[in-house]
Amino acid sequence: MSEESQVLKVRREKAEELESQGIPLFPNQFKPEDRAGAIKEIFGNYSPEELEKLEATFKVAGRLMARRDFGKAMFIHLQDETGRIQAFIKRDELGPEKFKLFKKYFDLGDIIGVEGPLFKTKTGELTILAKEVVLITKAFRPLPEKYHGLQDVELRYRRRYLDLIMNERVREIFRTRTRIVEFFRRYFSSQGFLEVETPMMQPIPGGATARPFKTYHHALERELYLRIAPELYLKRLLVGGFERVFELNRNFRNEGISIQHNPEFTMLEFYEAYATYEDLMTRTEEIFVNLARELKGDTKIVYQGKEIDFTPPWPRIPFKQALIEIGGVAEEILNDREKVITFAREKEIKIDEREPVLGKLWAKLFDALVEPQLIQPTFIIAFPVDISPLARRNEKDPTVADRFELFIAGREIANAFSELNDPRDQRARFEEQIKQRLKDDPEIHPEIDEDFIRALEYGMPPAAGEGIGIDRVVMLFTDSPSIREVILFPHLRPEQK
RNA sequence: GGGUCGGUAACUCAGUUGGUAGAGUAUCGGCCUUUUAAGCCGAGAGUCGCAGGUUCGAGUCCUGCCCGACCCA
């Protein structure tokens, strides 16, 4: 076989023959009036006699997914967005010409229209008796195998359209994703938050510690960065007088791809004036309980075989205490930088031994020893100030920030804090960050966002803000082990020719 | 970046010690007017990820590379 496989050749020849008979391959006149799901929902329980009395015809369109040929009649399954419905294609009903045309030229994968009354087969399946059947869109390529479907993970991601045709569970994941996004928008709107859009392209990437994507604007003749977080712009809006704002959109981080990381991911950030991080813990509990009830009708879900219970209140454990009690790190080790490094080496936790910031070393220990153990929803609070450059200091202990991170199923799901609004301290924190920056660390931008400081100098009301990783929330509620399962088109290396 | 596993027909997968590349689905032809992965008979379909190497002979062994999954960092 040369450049074209046998199957593709047959399809192409069939299409050409149809066209030469004056039958259009891609007509645009057919208007379906019914959908598979609604028909089955309404008439599924009708008896054969009741169906016969209906005297109504139904008109559906969808993809031809299955075909069982009996010579002078055949059963087909047609799939639209709402589900599958069976139709019975009978020579005596259609007439010999149309029947022959269907039999010879309509293939699995074609999009077709069927019109006719409903009846029940011997086996009790609700079925459309086809009085009319038309080709709506010819498929030039065959569908994957009807029973096993499309399994190859690489192909599923590269040809997501096929994955969606073949795998109902995948369709369900993305419907759930949309429901979750809609839930957040509805929740925040109902709570008086204004949804806003701030720059995705930023002259100075800020609001997080991460390596950005760089691009170039020709007319402005300057480099721009795809945002790693919207934080610094949302806080400018607090300065501007919007007291409750949120943004739900994409962030970009130029980092590795893993089971929990995609270079572009969806983040919800919200900011609430006159609130504290403690208020946000309560709000966060409320959000997840409401979401679980809406999606599952329960405050419990099962994720990868583990039951997760959102019933509040959730434990609130100080960062250092978690390291000691959950991570099993002795307190005297934590307070000594050299001992921390030795400890990490013994435990084979990879750290940069030149790292001068003690909090960053602690964070590495936390990621390795504590995070995987936080299965039930848990707030870790009182983060070291030196890894919380945008958070307000605790009034009693200035070495920790009024900050929490939420962990569920061994993963960070949310990050929140009372916002630092003292412009002097903010400048000092930025300067310290740059000073402590390891040579050429791509995750810390060497430039201070002076306009952000200036905004704070006009006065930002005390506020608390939070970011929630939407992809990870979707993973939890769809029981998906990998972030790629909840992103329609995850990034892959280019396909080889 | 390192490790493990995988890449064989359009799809899902076998392929023994190195000895003519297989099955099911799909496709094509024949039979069949209530099937549910319909059934029966027959047929065609392959750059075995790519490039080298070893060998009389490589899907199989060796080296490098590409793509993917998972684990580690």
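A, B, ... follow the sequence lines: proteins, then strands. Residue 1 opens every chain.
Of the C1' atoms belonging to B:rG15 and B:rG22, the separation is 7 Å, rounded to the nearest Å. The separation of B:rG29 from B:rC5, taken at their C1' atoms, amounts to 42 Å, rounded to a whole angstrom. Atom name P, nucleotides B:rU36 and B:rU20: the rounded distance is 40 Å, in whole Å. Using P as the reference atom, B:rA21 and B:rU47 are 14 Å apart when rounded to the nearest Å. The same atom, C1', is picked in B:rC70 and in B:rA9; the two are 28 Å apart, to the nearest Å. B:rC28 and B:rA45 have their C1' atoms separated by 10 Å, given to the nearest Å. To the nearest whole angstrom, the two C1' atoms, one in B:rG46 and one in B:rG53, are 24 Å apart. B:rC65 sits 14 Å from B:rU4 when the P atoms are compared, rounded to a whole Å.
Taking the 5.5 Å centre cut-off and the 30° plane limit, the aromatic side chain of A:Phe70 is not classed as stacked on B:rU33.
If you measure from atom CZ of A:Phe88 to atom P of B:rU35, you get 9 Å, rounded to the nearest angstrom. In this structure, CZ of A:Arg68 is placed 16 Å from P of B:rU33, rounded to the nearest angstrom. At whole-Å resolution of the value, CD1 in A:Ile257 and P in B:rG1 are 12 Å apart. Straight-line distance from the NZ atom of A:Lys103 to the P atom of B:rU27: 12 Å, rounded to whole Å. Going from atom CG of A:Leu64 over to atom P of B:rU36 covers 18 Å, rounded to whole Å. Taking atom CD of A:Gln304 as the reference point, atom C1' of B:rC70 lies 13 Å away to the nearest angstrom. Atom pair A:Asp69:CG and B:rC40:C1' shows a separation of 13 Å (rounding to whole Å applied). As rounded to whole Å, 10 Å separates atom C1' of B:rU35 from atom CZ of A:Phe119.
A:Lys300 and A:Asp298 are not joined by a salt bridge, as no carboxylate oxygen comes within less than 4.0 angstrom of a charged side-chain nitrogen. Using a 4.0 Å cut-off between charged side-chain N and carboxylate O, A:Asp80 and A:Arg63 make no salt bridge. A:Glu132 and A:Lys98 are joined by a salt bridge, as a carboxylate oxygen and a charged side-chain nitrogen come within less than 4.0 angstrom of each other. Ion pairing of A:Asp367 with A:Lys364 is absent here, as no side-chain N (NZ or NE/NH1/NH2) approaches a carboxylate O to less than 4.0 Å. The pair A:Glu81-A:Arg35 counts as a salt bridge, with a side-chain nitrogen and a carboxylate oxygen less than 4.0 angstrom apart. With respect to A:Arg429 and A:Glu432, no salt bridge is recorded, no charged nitrogen being found less than 4.0 Å from a carboxylate O.
Annotation: salt bridge (charged side-chain N to carboxylate O under 4.0 Å, His left out) contacts of A:Glu115 (sequence neighbours excluded): none.
Within the nucleic acid shown, A:Lys14 comes within 4.0 Å of sugar-phosphate atoms alone, with no base atom in reach, counting heavy atoms only. Within 4.0 Å of A:Lys72, counting heavy atoms only, lies at least one base atom of the nucleic acid. Counting non-hydrogen atoms under 4.0 angstrom, A:Glu348 reaches the backbone sugars and phosphates but no base. Across all strands shown, A:Arg484 has heavy atoms under 4.0 Å from sugar-phosphate atoms exclusively, and none from any base.
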In B/S/- notation (B base, S sugar-phosphate only, - none; protein heavy atoms under 4.0 Å), nucleotides 6-13 of chain B written 5' to 3' is ----SBS-
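Listed candidates were B:rC28, B:rU33, B:rC70. Nearest to the side chain of A:Val10 is B:rC28.
Close to B:rG68, at under 4.0 Å from its OP1 or OP2, lies a side-chain N or O of A:Arg493. A close approach under 4.0 Å does occur between a side-chain nitrogen or oxygen of A:Lys146 and OP1 or OP2 of B:rA26.
Judged by closest nucleotide on RNA chain B, A:Lys104 is the one of A:Lys104 and A:Ile351 placed further toward the 5' end. Residues A:Tyr157 and A:Thr127 each lie close to RNA chain B; by heavy-atom proximity, the contact nearer the 5' end of the strand is made by A:Thr127.
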Atom pairs and distances, side-chain donor-acceptor, residues 376-387 of chain A, under 3.5 Å, sequence neighbours left out:
residue  : atom : partner  : partner atom : Å
A:Gln376 : OE1  : A:Asp309 : N            : 2.8
A:Gln376 : NE2  : A:Glu307 : O            : 2.7
A:Thr378 : OG1  : A:Gln376 : O            : 2.7
A:Asp386 : OD2  : A:Gly359 : N            : 3.4

Can I get a per-line list of side-chain donor-acceptor pairs under 3.5 Å for residues 15-32 of chain A, giving both atom names and the distance, sequence neighbours left out?
residue : atom : partner  : partner atom : Å
A:Glu16 : OE2  : A:Arg12  : NH1          : 3.4
A:Glu17 : OE1  : A:Tyr105 : OH           : 2.7
A:Ser20 : OG   : A:Glu17  : O            : 2.8
A:Gln21 : NE2  : A:Tyr105 : OH           : 3.3

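Near-neighbour residues of RNA chain B inside residues 34-60 of chain A, defined by a heavy atom below 4.0 Å, are absent.
Sequence neighbours left out, the pairs with a member in residues 55-81 of chain A that pass ring-ring contact (aromatic ring centres under 6.0 Å, His included) are A:Phe43-A:Phe58, A:Phe75-A:Phe88.
The partner of B:rA37 is absent, by the rule that a Watson-Crick or G-U pair needs both atom distances under 3.5 Å.
Taking every heavy atom of both residues into account, A:Leu361 and A:Arg337 meet most closely at CD1-CG, 3.9 Å.
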